[in-house]
Structure formats: C-alpha cells, structure tokens
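Here is the structure we will look at.
Every value quoted in this text rests on a predicted model; they were computed, and no experiment measured them. In what follows, every chain begins at residue 1, and chains take the letters A, B, ... in the order their sequences are listed.
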Number of protein chains: 2
Amino acid sequence: MDSRRPAPPPPSGAPGPLTPLPLAGRTAPERADAARNRRRILDAASRIVARHGVRELTVDLVAGEAGIGVGTIYRRFGDRAGLIFALLDEHEHRFQRDFLAGPPPLGPGAEPVARVRAFLHALADRVTAQFELILAAESSAPGARYRSGPYAVHHTHLVTLLTQARPPGADARFLADALLAPLSALLMDHQRKARGMTAQDVKTGLDDLLRWSLG
Amino acid sequence: MDSRRPAPPPPSGAPGPLTPLPLAGRTAPERADAARNRRRILDAASRIVARHGVRELTVDLVAGEAGIGVGTIYRRFGDRAGLIFALLDEHEHRFQRDFLAGPPPLGPGAEPVARVRAFLHALADRVTAQFELILAAESSAPGARYRSGPYAVHHTHLVTLLTQARPPGADARFLADALLAPLSALLMDHQRKARGMTAQDVKTGLDDLLRWSLG
DNA sequence: CTTGTAATCGGAGTGCGCTCCGGTTAGTGT
DNA sequence: ACACTAACCGGAGCGCACTCCGATTACAAG
C-alpha cells in the first residue's frame with residue numbers, strides 16, 4: 001500500500017502540515033537558523049499573496065523572495081498545501097480558542113446541539129472570510145484538507161459534542177465527517193459558481209440538516 | 001500577438017469531462033479518425049491500468065502506448081481526470097440506467113425516501129467496487145468530482161427525489177450535495193486509513209443520517 | 001579552542017500535467 | 001476531380017511541485 005521511503009523524516013519541527021494544538025512538551029528546540037528561515041519564508045509568502053494573490057504563490061517564487069532554497073521550504077512545511085495552512089495558522093488558533101474556551105454558545109456552557117450549530121456557523125464564516133487561501137490549500141494536494149491539523153481538531157471537537165448530544169448508536173465519527181464535508185472550500189466554490197449559492201445558503205442548509213438529523 | 005482563440009473548444013465529441021447522459025444528438029457525427037483514436041486511447045489506458053495500476057497512468061505513457069500525441073488526448077478528454085472518468089463510463093451508464101429506469105427500490109416505483117436510501121447505498125457500493133480509479137480521478141484535478149458529468153446527474157437525481165419526499169422549505173440542492181459529500185473517494189480513503197472505517201460503516205452512517213426524519 | 005556530528009541548507013535536476021501551433025486530413029460544395 | 005475549409009493531429013516545450021545529495025553550519029563534548 002504505502003511504499004514510502006524508509007525515513008522521510010516526520011518533519012521534526014512541524015509534525016503534520018500544521019501544528020494542531022498547543023502541543024504539549026516540545027522535545028527538540030528549533031535551531032536558530034531554522035527559526036529565522038521559517039519567519040523569512042512565511043513573511044515572503046504573505047508578501048507575495050498580498051501583492052499578487054494566491055494564484056501566484058509558487059514555491060520557487062517564495063524561495064527566491066525569502067532568499068533560501070526550495071528544499072528548505074519542503075523541509076519545514078512538507079508541501080505547498082502545508083505552507084498555505086501555515087499562513088492560516090494564526091487565525092486558526094484564534095478560532096480554536098473560541099470554540100474550546102470562549103463564551104457560549106460557541107464555547108463551553110451551552111447545550112451540545114447549540115454548540116454544534118454555532119460551531120458550523122462559525123466555521124462557515126471562517127471559510128468565507130479566507131476563501132481564497134483555504135481554497136488554494138485544499139486544491140494544492142489531493143487529500144490536503146483531511147490530512148491537515150485543523151481538520152483533525154474540528155473533527156475531534158464535533159465528535160465530542162455529538163457524543164454528548166446523542167444517545168449511543170449512531171457513529172459520531174461518521175456524523176462529524178458528514179457535517180464537515182459541506183464546508184469544503186472546493187464544494188462551496190462549485191456551489192457558488194454552478195448554482196449561484198451563497199455562504200448564507202450553506203448555513204441555512206446546515207441548519208436544515210441539523211434539524212433533520214438531530215432536531 | 002494575434003493568437004485568436006475562437007473556440008476554447010467545448011470538445012465537440014464529448015462536452016465536459018464526460019457525457020452525462022444519452023445527449024440529444026445535435027452535434028456533428030465524430031470523424032472517422034477521431035473515433036478510431038478515441039478507441040485506441042481508451043484501450044491503451046485500460047491496458048496500462050490492468051498491467052501497472054492507476055498510479056502509472058500518465059498521459060504521456062497512454063499517448064505512447066496508443067501511438068498518438070498527447071494533444072489528441074487533451075482534445076478528447078479535457079484533462080487526465082476526464083480520461084479516467086471515461087474509463088468509468090460504461091459502468092456509470094449501467095448505474096444510471098438502474099436508478100433511472102430499473103426495478104425498485106432503486107428505480108421508479110418505490111417511495112422517494114426508500115429510493116434515496118437505495119441510491120446512496122448503490123453509490124457507496126459503486127465507489128467501493130472501483131475505488132482505485134475513482135480515487136485517482138478525484139485526486140487528479142482539484143474540483144474534478146464536482147465538474148464531472150456523473151456528479152451532475154447524481155445531484156439532479158437526488159434533488160428530484162428529495163423534492164418529492166419533503167415539503168418545500170429545505171433547500172433540496174444543498175441537501176443533495178450534503179448527502180453526496182460523504183461518498184467522496186477522497187474522504188472515504190481518509191476514513192479508512194486514519195480511522196479504520198469500512199464502506200459498511202459509511203452506509204450505516206448514511207442510514208443514521210436519513211433515519212430521523214424519514215423513519 | 002578543537003573536533004565530532006547531526007541537523008540544516010540550497011539549487012540543479014526530475015517527472016508530469018498541460019499548452020501551443022504548424023502541418024495533415026476528412027468531408028463538402030462546384 | 002478539385003479546391004476549400006474546418007476539424008483534427010502530434011510532439012516539442014513550458015511551468016511548477018517536489019526530490020536528491022553534497023556542502024555548510026549550529027551546538028556540544030573533550
């Protein structure tokens with residue numbers, strides 16, 4: 001199945017494409033030059049996106065702008081999708097703080113079903129707000145979305161809420177995937193272009209779906 | 001620079017990646033050499049897949065094996081994803097005949113809700129049966145699945161059934177997308193590898209999703 | 001300071017999807 | 001038969017993601 005190389009090192013600095021959470025006890029501190037280059041890469045990428053748009057964000061261009069080699073970028077970020085996810089990291093952490101420890105109904109304190117609804121709405125808003133970047137990230141590599149740190153966190157969060165909300169029997173893991181699936185930027189892009197649907201339509205549709213299956 | 005592009009051509013023979021349905025005959029019949037080359041391409045592609053797997057199905061290799069140029073492949077099939085979808089065309093047409101005109105509960109005659117369930121199960125079976133090819137097609141280009149003919153047909157079919165099954169109010173177009181989303185080969189691949197889920201788990205999960213409102 | 005070594009760096013190289021456009025061929029009017 | 005045109009063909013070439021591996025450098029032990 002997975003005929004991969006023996007040791008394509010699990011990128012020591014950033015395990016997945018993106019650090020999913022606070023990430024307990026780091027073992028190996030980053031070397032000084034590595035940290036400096038990471039900042040250079042991220043800054044260069046941001047600059048290019050701001051100036052020319054995501055479309056022009058090629059790895060070679062980022063390397064040139066940052067004044068380092070492309071190999072370094074792949075060492076730190078895995079692939080182009082990982083680089084783009086890293087660009088979204090700051091917003092993602094804010095978002096995670098909000099639904100993990102913020103005020104209700106998004107944060108703890110509200111009924112689980114209400115939190116699910118608030119979470120899906122907030123996620124829809126987030127996708128809408130950073131549509132270009134997220135779409136580019138999902139388009140960059142085939143399974144990029146599912147392999148990303150944020151997806152794992154969102155899925156885990158939903159599983160927790162759904163387990164609290166529902167009697168056992170239904171598979172919360174599947175339901176979580178099914179609720180997240182419509183919030184793919186790739187699908188939303190298609191819905192917008194081919195059917196003229198808006199983000200509001202998606203949110204309303206998700207409400208219908210929730211009333212349908214959980215109501 | 002007078003690079004006039006009179007027709008970024010809607011491929012006359014097969015519009016889009018794949019002919020969605022019988023396709024009312026309005027277009028000119030295919031030229032003899034074009035038809036011959038199409039067969040050559042499809043045969044060569046099948047041969048390569050059978051011999052080396054989908055992974056080795058590069059466009060250049062198909063062109064070489066078929067004894068034609070790569071430009072011809074792109075003219076007929078649009079892109080690599082279109083070529084792979086064309087490989088699935090025969091099975092797809094059988095499937096479409098089954099749910100459009102076959103025996104119940106998949107075909108006409110059963111209650112709309114029962115047909116929705118039968119359709120989703122049949123589609124899950126289909127994805128499972130041709131997993132490698134479908135996964136490769138969806139992975140080949142970013143939005144390949146949504147742009148494909150089969151997806152449009154499946155979506156339209158579901159919208160019809162859902163409209164019959166439910167009073168107005170809910171957006172049937174969104175619901176159709178939401179029900180099709182979990183049957184993405186990309187997602188199922190992730191569920192299998194990362195969570196150990198099987199195709200049966202997906203079918204059961206879809207049933208759970210349907211059960212509440214449709215008893 | 002010197003040496004050892006493991007992590008890091010960089011950029012030429014590779015593979016592959018896709019485009020471009022001059023040459024060729026099939027089908028039609030005369 | 002013959003010219004004419006629109007569709008078709010092919011393969012060199014391009015852009016870009018990603019890999020490879022020898023040179024380099026940070027850091028610690030002696």
**Q.** Residue mapping more 5' on DNA chain D - nearest nucleotide basis, Ala35(B) or Asp60(B)
**A.** Ala35(B)
Q.
For the residue pair Asp89(B) / His93(B), report whether a side-chain donor-acceptor contact shorter than 3.5 Å exists.
A. yes
Q. Can a donor-acceptor pair be found between the side chains of His154(B) and Glu92(B) at a distance below 3.5 Å?
A. yes
Q | First of Ala34(A) and Asp33(B) reached from the 5' end of DNA chain C, by closest nucleotide | A | Ala34(A)
Q) DNA chain C: Arg36(B) or Thr58(B), which has the more 5' nearest nucleotide? A) Thr58(B)
Could you state the [atom1]-[atom2] distance from [X] to [N], rounded to the nearest angstrom?
X: Ile73(A); N: dG11(C); atom1: CD1; atom2: C1'; result: 12 Å
X: Glu30(A); N: dT25(D); atom1: CD; atom2: P; result: 19 Å
X: Arg40(A); N: dG10(C); atom1: CZ; atom2: C1'; result: 13 Å
X: Arg31(B); N: dG27(C); atom1: CZ; atom2: P; result: 7 Å
X: Tyr74(B); N: dT19(C); atom1: OH; atom2: C1'; result: 9 Å
X: Arg76(A); N: dA7(C); atom1: CZ; atom2: C1'; result: 10 Å
X: Leu61(B); N: dG11(D); atom1: CG; atom2: C1'; result: 16 Å
X: Arg75(A); N: dC21(D); atom1: CZ; atom2: C1'; result: 11 Å

Q.
Surrounding CZ of Arg51(B) (heavy atoms of other residues, nucleotides or ligands, distance under 6.0 Å), is the total greater than 12?
A. yes
(Q) Tell me whether the side-chain N/O atoms of Thr72(B) come closer than 4.0 Å to OP1 or OP2 in dG10(D). (A) yes
(Q) Taking only side-chain N and O atoms of Asn37(B), does any of them lie within less than 4.0 angstrom of OP1 or OP2 on dC8(D)? (A) no
Q. Counting side-chain heavy atoms from CB outward, which of dG10(C), dT19(D), dG27(C) is closest to Ala32(B)?
A. dG27(C)
Q.
Is the distance between the ring centroids of Phe119(A) and Phe95(A) under 6.0 Å?
A. yes
Q: Please assess Leu206(A) against Lys203(A) for the test side-chain contact (heavy atoms from CB on, under 4.5 Å), listing each intermediate value before the final yes or no.
A: CA-CA 5 Å; Leu206(A) 283 168; Lys203(A) 286 161 87 169; 5.5 Å; no
Q: Determine the contact category for Val59(A): base if any of its heavy atoms lies under 4.0 Å from a base atom, sugar-phosphate if only primed atoms, P, OP1 or OP2 are that close, otherwise nothing.
A: sugar-phosphate
Q: Remember a base hit wins even if backbone is also touched, and classify Arg80(A) as base, sugar-phosphate or nothing at under 4.0 Å, heavy atoms.
A: sugar-phosphate
